[in-house]
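In what follows, a structure is listed as structure tokens, so that the remarks can point back to it.
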Amino acid sequence: MADPVVSPARRGDADAITDVFLAARAGLGFLPVLHTDDETRWWAEHVVLAEHDVVLVRDGNGVVRGFAAVRGAWLEHLYVHPEAQGRGLGTRLLTDVLDRAGDEVRLHVFLPNTGARRFYERHGFELVGTRDGSDNEEGVPDATYRWPRPAGAR
């Protein structure tokens, strides 16, 4: 079986991004459902793909299993389908993002998502602050992380 491949997303990938996003968030268990599947698909096409630099990771069969979306210095989204987690696909996505990043990358992650927080910390992200959830539509407390490019790297 072929290795997973990271590649740029195209406008036609909105359905695959939506599927990964909905499955990953449902698997978290602590997030409220705020939008219909159709609204989420519209958002994937008209906001995520239109306003972000998006990369996908496909498994050896060519099926989209995760995506990362970057806007400026912010990693806005990184999701891997629950059925594909624990296989290094998130690391493949994050490595691609960091390889192309400037001097730093910032992100927000929900505080209850301890697995994601450990993941980012393992990859060199530093906690820079927490918020009470009043700044996100889910109303869930979150943390801000920063990844500084190591000195001399590039």
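Considering only heavy atoms from C-beta on, Leu22 comes within 4.5 Å of Asp37 through its side chain. Two residues are said to be in side-chain contact when any heavy atoms from C-beta on lie closer than 4.5 Å; Trp43 and Asp38 fail this criterion. Within the 4.5 Å cutoff, side-chain heavy atoms of Phe125 are placed close to those of Leu107. Side-chain contact check for Glu104 versus Arg106: some heavy-atom pair is nearer than 4.5 Å. The closest side-chain heavy-atom distance from Arg11 to His46 is below 4.5 Å. Between Val105 and Arg146, every side-chain heavy-atom pair lies at or beyond the 4.5 Å cut-off.
Residue Leu49 is grouped with residue Val20 when hydrophobic side chains (ILVMFWY) are merged at heavy-atom distances under 4.5 angstrom, including chains of intermediate members. Note on Leu127 and Tyr120: same hydrophobic cluster, where clusters join Ile, Leu, Val, Met, Phe, Trp and Tyr whose side-chain heavy atoms are under 4.5 Å apart, directly or indirectly. Residues Val97 and Val64 fall into different hydrophobic clusters, defined by Ile, Leu, Val, Met, Phe, Trp and Tyr side chains chained together at heavy-atom separations under 4.5 Å. Hydrophobic clustering places Val109 together with Trp147 (ILVMFWY residues linked when any side-chain heavy atoms are closer than 4.5 Å, directly or through intermediates). Clustering ILVMFWY residues whenever any of their side-chain heavy atoms sit less than 4.5 angstrom apart, transitively, puts Ile17 in a cluster other than the one holding Leu89.
Separation of atoms OG1 (Thr36) and CH2 (Trp42) is listed at 12.0 Å; rounding is to 0.5 Å. With rounding to the nearest 0.5 Å, the separation of CZ in Arg58 from CG in Asp3 is 15.5 Å. Atom CZ of Arg41 and atom CD of Glu45 lie 4.5 Å apart (nearest 0.5 Å). Summarising the geometry, atom NE2 belonging to His108 is positioned 4.5 Å from atom OG1 belonging to Thr144; distances are rounded to the nearest 0.5 Å.
Considering every non-hydrogen atom in both Leu93 and Phe67, the closest pair reads CD1-N, 3.5 Å. Across every non-hydrogen atom of Leu94 and Phe119, the tightest pair is CD2-CE2, 3.7 Å. Glu138 and Pro32 get closest at one heavy-atom pair: O-CG, 3.7 Å. Considering every non-hydrogen atom in both Ala14 and Ala44, the closest pair reads O-CB, 3.9 Å. Across every non-hydrogen atom of Pro148 and Gly124, the tightest pair is CD-O, 4.0 Å.
The hydrophobic cluster around Leu28 extends to Phe30, Leu31, Phe110, Val140, counting ILVMFWY residues whose side-chain heavy atoms fall within less than 4.5 Å of a member.
The pair Asp53-Arg71 fails the salt-bridge criterion, with no side-chain N (NZ, NE, NH1 or NH2) lying under 4.0 Å from an Asp/Glu carboxylate O. Between Arg100 and Asp96, at least one side-chain N (NZ, or NE/NH1/NH2) sits under 4.0 Å from a carboxylate O, which counts as a salt bridge. Using a 4.0 Å cut-off between a side-chain N of Lys or Arg and a carboxylate O of Asp or Glu, Asp59 and Arg87 do not qualify as a salt bridge.
Qualifying side chain to side chain donor-acceptor pair (under 3.5 Å) partners for Ser134, counting only residues two or more places apart in sequence or in other chains: Asp132.
With a 6.0 Å radius and a threshold of 12 heavy atoms from other residues, nucleotides or ligands, Arg10 has its CZ atom at or below the threshold.
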Full working for side-chain contact (heavy atoms from CB on, under 4.5 Å) between Thr91 and His123: CA-CA 8 Å; Thr91 296; His123 288 89; 3.4 Å; yes
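Neither side chain, Thr40 nor His35, offers a donor N or O lying under 3.5 Å from an acceptor on the other.
Side chain of Arg149 to backbone of Gly102: a donor-acceptor contact under 3.5 angstrom is found.
Among Leu111, Thr130, Asp135, Asn136, the single residue meeting the side chain to side chain contact (heavy atoms under 4.5 Å, CB included) criterion with Pro141 is Leu111.
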Expected list for residues 72-81: side-chain donor-acceptor pairs under 3.5 angstrom, two or more places apart:
| unit_1 | atom_1 | unit_2 | atom_2 | d |
| --- | --- | --- | --- | --- |
| Tyr79 | OH | Arg25 | NH1 | 3.2 |
| His81 | ND1 | Glu83 | N | 3.1 |

